[in-house]
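To keep things clear, I will list the structure first and then write my remarks on it.
We name chains A, B, ... by the order of the sequence lines, and we start the count at 1 in each one.
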There are 2 protein chains.
Amino acid sequence: MTMNTDTGPLNDLSVVKSVSLTSALEKELERLILTGELEPGARINEIHLSNRFGTSRGPIREATRSLEAKGLVEVVRNRGVFVRRLTVEDAIEIYDVRAALFGQAGRLLAERMTDELLVELTRLVDRMDMVADQGSFDEYYPLNLAFHNLIVTSCGNRTLAAEYHRFVNKLHLFRARALVQGGGLAVSNREHRAMLEALASGDGDRAQMTHWRHVALAKRRLIAAGSGGASRND
Amino acid sequence: MTMNTDTGPLNDLSVVKSVSLTSALEKELERLILTGELEPGARINEIHLSNRFGTSRGPIREATRSLEAKGLVEVVRNRGVFVRRLTVEDAIEIYDVRAALFGQAGRLLAERMTDELLVELTRLVDRMDMVADQGSFDEYYPLNLAFHNLIVTSCGNRTLAAEYHRFVNKLHLFRARALVQGGGLAVSNREHRAMLEALASGDGDRAQMTHWRHVALAKRRLIAAGSGGASRND
DNA sequence: TCGCCCCATTTTGTTGACAGTTGTCAATAA
DNA sequence: TTATTGACAACTGTCAACAAAATGGGGCGA
């Protein structure tokens, strides 16, 4: 059982009154899941949670039903709810969806590009090149994340952005999560430069293609890495 | 209030025991929303529903929280839940997401195309041409729906298919729903033929482009029709 | 007549309790 | 030793009741 009884997260919950208890619980549960504190496959015990958060089971059940609809947990009747476990096949499917959404975001962004944004994006890619030379993955990863987030949130389509983030989050449920983050840093950043050029040109077709390809290649790297060693999906 | 007290749908609910009451209620509520029996903006009264379905409020609350996560209803604290109302801007955003997903489906399908599927798809397009000549929209619409569904469900990516359908469903919440279905029948079917050719060629790039463009053009038709007359989104 | 305040009613938020189901473990028999 | 059975414990599914908030209407005063 991965439950602890510290009261840390509890404060955030008790303070709020403007927002419903259910949604606060949902946010907290989502955090626990995405950070891995609740591991994929783990069972979510309603009584334990209600004790931990000092509420009854009702709001917790509502929160888990919401998380089920979002695809983060699985509800089995008379058995309980479990943190969803993604297979390699699931992860690959998600990559295709991600590629489609990210490509569309690139297209939209190319058609509404600004100089400031181009400067900001270029700076991120430059810094990624720097840390990639040093092979420092720990520094590369957050920059990479910021780069992608900036593109998606700037494309002007909030629906698309929300969906994109939902699927990126879902990848956290993938057991062999290290594979997702792997891949050549320098190679990946060369793709970033191609994306930048397409965005700067204002050519929507080209931007969509480069952005789509970036995720598609990441998927390829995932498959290649997966078929090598840790391909078990039990 | 659009509630009636007939016991028709109730039977389906009481019979089942293997599936939870919550998910049965959720399905029924989703049906009521998508068919328009519960109109966009309508308030969902927990007590009324619990009386109507003969349950307590608990399962109904869980079902509505799930529908909220799916984007079909909106929950306002201490006020209740309302059937979500889509603005024109929302609908346009959804079209972009749909285009991205449909394009990806086209690409995937092109790479795993079979002769039988091509025959089946061609038959649908042929029949659409027939009824389009007669200007019979009532016959065209279900054929068109079947055509798109067949493509998406055959692409081999269940995650993508589920997302696509989720967004198509959400379009039912758009007030000026007639606009969504509008557009030239013959024009639209000409795009279908281009998609067929791309699928038959097995060229993923080309298939993605033709499929993406098909939805993008539908979006354009929506915008054109919307800016003309019924552009109010109150 | 118009605007504001107060109170009753309605509705939601949350809780605790009970019933039914699942999983476990020990005792028994082969 | 191993398989089976029965009882117990833990947990989920559902419900009814209480508390808090919002809605609506009537009365009062300007």
Among the candidates [options], find the nucleotide nearest to the side-chain atoms of [X].
X	options	result
A:Asn78	C:dT14, D:dG13, D:dA22	D:dG13
B:Asn45	C:dT15, C:dT12, D:dC11	C:dT12
B:Ile47	C:dT15, C:dT11, D:dA17	C:dT11
B:Pro59	D:dC15, C:dG13, C:dT15	D:dC15
B:Glu46	D:dT12, C:dT14, C:dG13	C:dG13
A:Arg43	D:dC11, C:dT11, D:dT14	D:dC11

Practice prompt. Determine: side-chain N/O of A:Arg61 to OP1/OP2 of D:dG13, distance under 4.0 Å, yes or no.
Written response: yes

Worksheet item: Which is true for A:Arg79 with a 4.0 Å heavy-atom rule: it touches a base, it touches only sugar-phosphate, or it touches nothing?
Response: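 Answer is sugar-phosphate: A:Arg79 comes under 4.0 Å of backbone atoms only.
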
Discussion item. Applying a 4.0 Å non-hydrogen cut-off, can you work out what A:Gly58 is touching in the nucleic acid: base, sugar-phosphate, or nothing?
Written reply: base

Please give, in whole Å, the distance from [N] [atom2] to [X] [atom1]?
X	N	atom1	atom2	result
B:Leu21	D:dG13	CG	C1'	9 Å
B:Glu68	C:dG13	CD	P	10 Å
B:His48	C:dT9	NE2	C1'	13 Å
A:Asn51	C:dT15	CG	C1'	13 Å
A:Leu49	C:dT15	CG	P	14 Å
A:Glu26	C:dG13	CD	C1'	16 Å
B:Phe53	D:dT14	CZ	P	14 Å

Heavy-atom distance under 4.5 Å between the side chains of [X] and [Y], does that happen here?
X	Y	value
A:Lys70	A:Lys170	no
B:Lys219	B:Ile92	yes
B:Glu28	B:Leu32	yes

Worksheet item: Taking for each residue the nucleotide of DNA chain D with the nearest heavy atom, is it B:Arg57 or B:Glu62 whose nucleotide lies nearer the 5' end?
Response: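 Result: B:Glu62.
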
Worksheet entry | Polar contact flag, side-chain donor to acceptor under 3.5 angstrom, A:Gln104-A:Trp212 |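 No, A:Trp212 and A:Gln104 have no side-chain donor paired with an acceptor closer than 3.5 Å.
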
Item to complete: Give a yes or no answer on whether the side chain of B:His148 reaches the backbone of B:Leu145 with a donor-acceptor pair at less than 3.5 Å.
Response: no

